[in-house]
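Just so you know, ligand 1 is whichever comes first in the structure, and atom 1 is the first atom listed for that ligand. Along the sequence shown, residues are numbered consecutively beginning with 1.
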Amino acid sequence: MTRDEIVAKYKQYLFPSVTTYFTDALVTDHASMQHLWDVDGKKYLDFFGGIVTISVGHANPRVTTKIKAQIDKLQHASTVLPNESVVALAEKLATIAPGEISKSYLTNSGTEANETAVQTARTHTGRFEIIALRHGYSGRSQTAQALTGQHTWRASLPGAFGVVHAINPYCYRCPFGLKYPDCGVKCAHDVENVIQTSTSGAVAGFIAEPIQGLGGFITPPPEYFKIVFNIIKKYGGDYISDEVQTGWGRTGKKWFGIEHWEVTPDIITAAKGLGNGVPIGLTMTKPEIANSFKGLQISTFGGNPVTSVAAKAVIDIIEEDRLMDNAHTVGQHFREGLQGLQDKYELIGEVRGMGLMQGIELVKDRKTKEPAPQETNRVLDEARRAGLLIGKGGLYGNAIRMSPPLNISKADVDEAIRALDKAFATVTQQQPTGAAAR
Ligand SMILES: Cc1ncc(COP(=O)(O)O)c(C=O)c1O
């Protein structure tokens, strides 16, 4: 099929609510490590990795060889018949999970992982109400939509009940109009007020992303989650860390984003980067909490032998190649490059993130901070023209999100910065020749 035929059939046969990027949709053909090619043969440096999912490179042969061998041996068994691949993965997960977390529930997506986490906290505590954060994203089921704190992703139907939203740590646009650190991290302390005024006072738990992904890589001040954790514990809830985007070394140095904030969660959810492209969802918790889950359950594809060998291979590569360290070092280099662009282009209001999870928020005016969503779309289009794929997000559609594979080099970052410089220059009609063009 030609590019145009694929686009036409995509429009004709798929739900239009399933949104695509770019003014002219990019039709993918093949990919290898940090590169992706479209059907017209154009090569791109992929700095979004299929929505923060390609952690060790597209079609990494160290993963795909194992997938192929497993497909030929045993492709499916279901949760009612144990297999070696799933226990090898679960055992490995238990060794890297923080604190007492050692039991896994494997499913197919981040949405399912969060559903399972909320169910688990509810059955464990015998309570119902969950605190989530504004600007967060938790997935597309009714519960996950209810947890989500952005109207754009929950417009279809009323979400499930039993969720209230606290103010998120969005320092660039502080809802209290305060400045860190003089604010005393008021947004964190306000969670207690939310519990006292918007719930029965006895909550099942709290769920948050250590860095809000779809929210536009909103990064909290270091004390935020520690303060919130203590409040949640005071009111008897379980703490759920949604590591769907921040897990598996993405933020540098640590396996999980929450580990940067000195909080040991009760429950962790993950997906995306764990599978490097195979569909997987994971809910992990302490034995005491896992054992409180009542009734019988199956997950037809949960712990599938093919996805399990893929996930185990991904973890092994991250460990063997010290990719958490690489994410930190190369991430710092990336951050410096982005700050160089910020010095040059007024359009860039803030640069934020950690490791190889870096975002930039675009504003029409740095004083008023009026969001610049049209310019964001144009930067995406122009970066694509310059051979770089990036993502976007944010409640106002004005945040650029970048999450390359964890095994990229500084040279890849330099290439990305040059492409971004070109894109910003075109959008702002400046020359792409400044210090940022490294
Ligand atoms: C933080 C977070 N949680 C949950 C999800 C839902 O994951 P999935 O799309 O695999 O259902 C996403 C998806 O983007 C996410 O970013």
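- Every atom of ligand 1 is numbered from 1 in the order shown, and the set under 4.0 Å from a heavy atom of Glu209 is 1 (C).
- Between Tyr105 and Phe293, the ring planes lie tilted relative to each other; the angle falls in the 30° to 60° range.
- Remark: Met357 CE to Thr246 OG1 distance equals 6.0 Å, nearest 0.5 Å.
- Once rounded to the nearest 0.5 Å, the distance linking CG of Asn407 with CD1 of Ile318 reads 9.0 Å.
- At a heavy-atom cutoff of 4.0 Å, ligand 1 is contacted by no atom of Ala113, backbone or side chain.
- For Asn114, every heavy-atom contact with ligand 1 shorter than 4.0 Å involves the side chain, none the backbone.
- The nearest heavy-atom contact from the protein to atom 3 (N) of ligand 1 is Asp242 OD2, 2.8 Å.
- Given atom 16 (O) of ligand 1, the protein heavy atom at minimum distance is Gln245 NE2, 2.7 Å.
- A cation-pi contact links Arg122 to Phe128, judged by a cut-off of 6.0 Å to the six-membered ring centre and 45° from its axis.
- Of the candidates Gly110, Gly139, Ser109, the one placing a heavy atom closest to atom 7 (O) of ligand 1 is Gly110.
- Taking a 4.0 Å cut-off on heavy atoms, Ile51 fails to register as neighbouring ligand 1.
- Between Phe206 and Tyr239, the ring planes are tilted. Angles from 30° to 60° get that label.
- In this pair, Trp261 and Phe225 present their aromatic rings tilted. The plane angle is within the 30 to 60° band.
- When non-hydrogen atoms are compared, ligand 1 lies under 4.0 Å from neither the backbone nor the side chain of Arg140.
- Residue-ligand proximity: Gly213 is placed with every non-hydrogen atom at 4.0 Å or more from ligand 1.
- Residue-ligand proximity: Glu112 is placed with every non-hydrogen atom at 4.0 Å or more from ligand 1.
- Ligand-side atoms of ligand 1 in range of Lys272: 12 (C), 13 (C), 14 (O), 16 (O), range being under 4.0 angstrom from any heavy atom.
- With respect to Arg250 and Glu243, no salt bridge is recorded, no charged nitrogen being found less than 4.0 Å from a carboxylate O.
- Taking the charged nitrogens against the carboxylate oxygens, Glu320 and Arg62 do have a contact shorter than 4.0 Å, which makes a salt bridge.
- Atoms of ligand 1 lying under 4.0 Å from at least one heavy atom of Thr111, given by number and element, are 6 (C), 7 (O), 8 (P), 11 (O).
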